[in-house]
Amino acid sequence: MRPMTNPPLLSPSPFPLLLRLLHLSRAPRRRNPTTGRAPTCTSRNRLPLLLSAAMSSASNTAPHSVVADPTTLARKVADIRAAGPTKLQVIADFDGTLTRYWYDGARGQSSHGLLRQGNEEYDAKREALYQHYHPIEICPDIPLSEKAKLMEEWWEKTHGLLIEGGLTYEAITKSVSDAAIAFREGVVELFEYLEEREIPVLVFSAGLADIIEEVFRQKLHKTFKNIKVVSNRMVFNEEGRLIAFKGKTIHVLNKNEHALDMAAPVHGNPGDPNGFMDDYSLVKKRTNVLLLGDHIGDLGMSDGLNYDNRIAVGFLNANIEKSLKDYSSAFDIVYLNDAPMHGVVQLVSELCP
């Protein structure tokens with residue numbers, strides 16, 4: 001995390017001021033000093049005007065946001081814009097990031113918490129595991145290596161209970177249908193914009209891919225060929241009963257680009273010839289990253305990727321007074337109070353016009 005040397009910028013829509021600061025800055029940008037005059041200088045000088053015009057109508061209604069270092073963020077925007085959409089990928093957490101934190105005035109459910117096996121005994125056993133391991137997960141005093149082993153232990157025990165308890169895909173479908181879960185306003189607009197420009201979206205989750213994909217099916221009613229879910233994937237038999245899990249267990253401490261072999265497209269097949277994300281080596285060559293998360297730990301989702309620029313967007317949904325300082329130090333932009341996705345759509349439209 002970078003030190004916060006200046007007071008954070010609190011603004012309904014941060015981008016006009018950010019780019020105005022960049023425009024006024026006299027510090028040269030020397031990414032490739034041997035290449036002579038770079039065309040990015042023209043893009044950088046043009047960007048404040050474009051951003052100001054694009055944001056002016058939305059700035060009165062956009063949710064409040066915090067930017068700790070406006071000048072640095074503005075430079076990242078200019079660099080990513082100059083590189084173009086073929087160098088950009090989006091990495092997003094699912095629960096509390098793509099989905100809303102609050103649902104009808106109450107805490108919304110997570111993709112893992114919504115699951116009901118249809119067997120009260122095994123639902124209770126999974127809840128008991130949560131009560132035992134969750135305090136370990138959030139304890140700051142346990143060494144990371146030790147905690148990682150315990151998290152893998154928790155996940156594997158939970159997966160074992162799902163198999164032993166006879167989970168069916170029908171139970172998943174019903175659980176999602178009954179769940180208090182919804183996507184943030186503006187998510188569909190964001191996905192459509194990214195798909196049009198063939199920008200891959202990797203949705204990382206320590207939960208269950210089959211549930212997340214069912215949430216996509218039931219709550220969005222749209223297909224996106226550029227979205228892949230990196231999560232724990234189930235194997236069902238011909239009767240629709242869970243019999244195994246595929247590959248390595250993905251838990252809260254290892255959900256990053258090292259786990260790309262677990263990815264599969266939403267509403268598609270990994271070998272779909274119409275997709276453009278089948279070759280993960282091409283994804284890894286996209287060295288500009290827009291990362292979306294709601295926990296500081298989500299910054300680790302880009303581990304394993306040798307990126308040139310990363311803009312980290314954080315959603316601080318609750319405990320704002322307690323957590324704002326840490327979030328504004330860790331993320332480039334922080335959106336407050338379970339904000340909609342409109343600010344990210346505005347940002348992406350400037351990164352890839």
Side-chain angles (χ1 to χ4, degrees), residues 92-103 106-138 147-148 150-184 202-220 228-236 242 244-256 259 262-264 266 292-295 297-298 300-301 315 317-318:
D93 173 57
F94 185 75
D95 293 307
T97 298
L98 297 179
T99 62
R100 286 158 44 188
Y101 187 84
W102 298 105
Y103 185 95
R107 177 69 172 91
Q109 291 180 299
S110 69
S111 58
H112 206 283
L114 64 82
L115 180 62
R116 296 294 177 267
Q117 284 184 248
N119 185 319
E120 292 184 3
E121 176 187 355
Y122 282 89
D123 285 340
K125 287 181 177 180
R126 288 190 294 113
E127 176 62 23
L129 288 177
Y130 175 85
Q131 296 299 332
H132 174 73
Y133 284 101
H134 181 62
I136 297 173
E137 176 189 354
I138 63 177
K147 185 182 291 190
L150 291 169
M151 293 301 98
E152 185 168 356
E153 178 180 283
W154 177 14
W155 258 248
E156 291 184 352
K157 285 182 179 180
T158 298
H159 291 175
L161 289 174
L162 293 174
I163 296 171
E164 183 182 337
L167 178 68
T168 64
Y169 198 87
E170 182 181 0
I172 291 177
T173 303
K174 186 177 187 307
S175 295
V176 173
S177 177
D178 296 340
I181 190 170
F183 286 93
R184 291 181 189 271
L202 299 176
V203 178
F204 284 79
S205 175
L208 299 167
D210 304 83
I211 294 178
I212 292 171
E213 290 171 354
E214 189 62 31
V215 174
F216 270 94
R217 274 187 281 269
Q218 293 194 30
K219 307 302 181 180
L220 289 188
K228 290 201 174 186
V229 176
V230 183
S231 188
N232 298 291
R233 193 163 296 279
M234 301 175 175
V235 179
F236 295 89
L242 176 65
F245 283 82
K246 291 182 181 178
K248 182 181 177 181
T249 300
I250 300 176
H251 53 76
V252 289
L253 296 180
N254 71 349
K255 60 170 189 175
N256 54 48
M262 295 289 290
V266 174
L292 311 177
D294 70 313
H295 292 289
D298 289 334
M301 293 188 297
F315 288 88
N317 299 310

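For reference, positions follow the sequence shown, starting with 1.
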Answer yes or no: does atom CD of Glu121 have more than 12 heavy-atom neighbours from other residues, nucleotides or ligands under 6.0 Å? yes
Restricting to non-hydrogen atoms, name the atom on Asp93 and the atom on Lys255 that form the minimum distance, rounded to 0.1 Å. OD1-NZ, 2.8 Å
Before giving the answer on side-chain contact (heavy atoms from CB on, under 4.5 Å), spell out for Met301 and Val230 the whole-Å C-alpha distance, their side-chain angles and the decisive distance to 0.1 Å. CA-CA 10 Å; Met301 293 188 297; Val230 183; over 6 Å; no
Is any side-chain heavy atom of Asn317 less than 4.5 Å from a side-chain heavy atom of Arg100? no
Could you tell me if the side chain of Arg126 sits less than 4.5 Å from the side chain of Leu162, heavy atoms only? yes
Tyr103 and Gln109: side-chain donor and acceptor closer than 3.5 Å? no
Nearest heavy-atom pair of Val215 and Phe94: which atoms, and what distance? CG1-CZ, 3.9 Å
Has Asp95 got a side-chain atom pairing as donor or acceptor with Ser111's backbone, closer than 3.5 angstrom? yes
Whether Asp123 side chain and Gln117 backbone form a donor-acceptor pair below 3.5 Å: yes
Got a salt bridge between Glu170 and Lys174, using NZ or NE/NH1/NH2 to carboxylate O under 4.0 Å? no
Fit a plane to each ring of His159 and Phe245, take the angle between them on a 0 to 90° scale, and name the class: parallel (under 30°), tilted (30 to 60°) or perpendicular (over 60°). parallel
Do the non-hydrogen side-chain atoms of Tyr130 and Thr158 ever get within less than 4.5 Å of each other? no
Between Arg116 and Ala171, is there a donor-acceptor pair closer than 3.5 Å when you use the side chain of the first and the backbone of the second? no
Provide the closest heavy-atom pair for Ala206 versus Ser231 in the form atom of the first, atom of the second, distance. C-OG, 4.3 Å
Expected output: side-chain Thr99 to main-chain Ile181 donor-acceptor under 3.5 Å: no
Please check if the number of heavy atoms outside Tyr101 that lie under 6.0 Å from its OH is greater than 12. yes
Is Asn232 reaching over with its side chain to a backbone N or O of Leu208, donor-acceptor style, under 3.5 angstrom? no
Check: Thr249 main-chain N/O paired with Asn254 side-chain donor or acceptor under 3.5 Å: yes
Any heavy-atom pair between the side chains of Val252 and Trp155 that's under 4.5 Å? yes
Please examine the side chains of Ile136 and Trp154, heavy atoms only from C-beta on, and report whether any two atoms are closer than 4.5 Å. no
Knowing that exactly one of Ile211, Leu115, Asp210, Ile212 qualifies, which makes a side-chain contact (heavy atoms from CB on, under 4.5 Å) with Val176? Ile211
Are the side chains of Leu253 and Glu137 in touch, meaning some heavy atoms are under 4.5 Å apart? no
Using only atom types and a distance under 3.5 Å, with no angle test, would you say the side chain of Asn119 pairs donor to acceptor with the backbone of Gly166? no
Report yes if the side chains of Glu213 and Arg233 come closer than 4.5 Å at any heavy-atom pair, otherwise no. yes
List the steps, then state whether side-chain contact (heavy atoms from CB on, under 4.5 Å) holds for Met234 with Leu167. CA-CA 10 Å; Met234 301 175 175; Leu167 178 68; 3.7 Å; yes
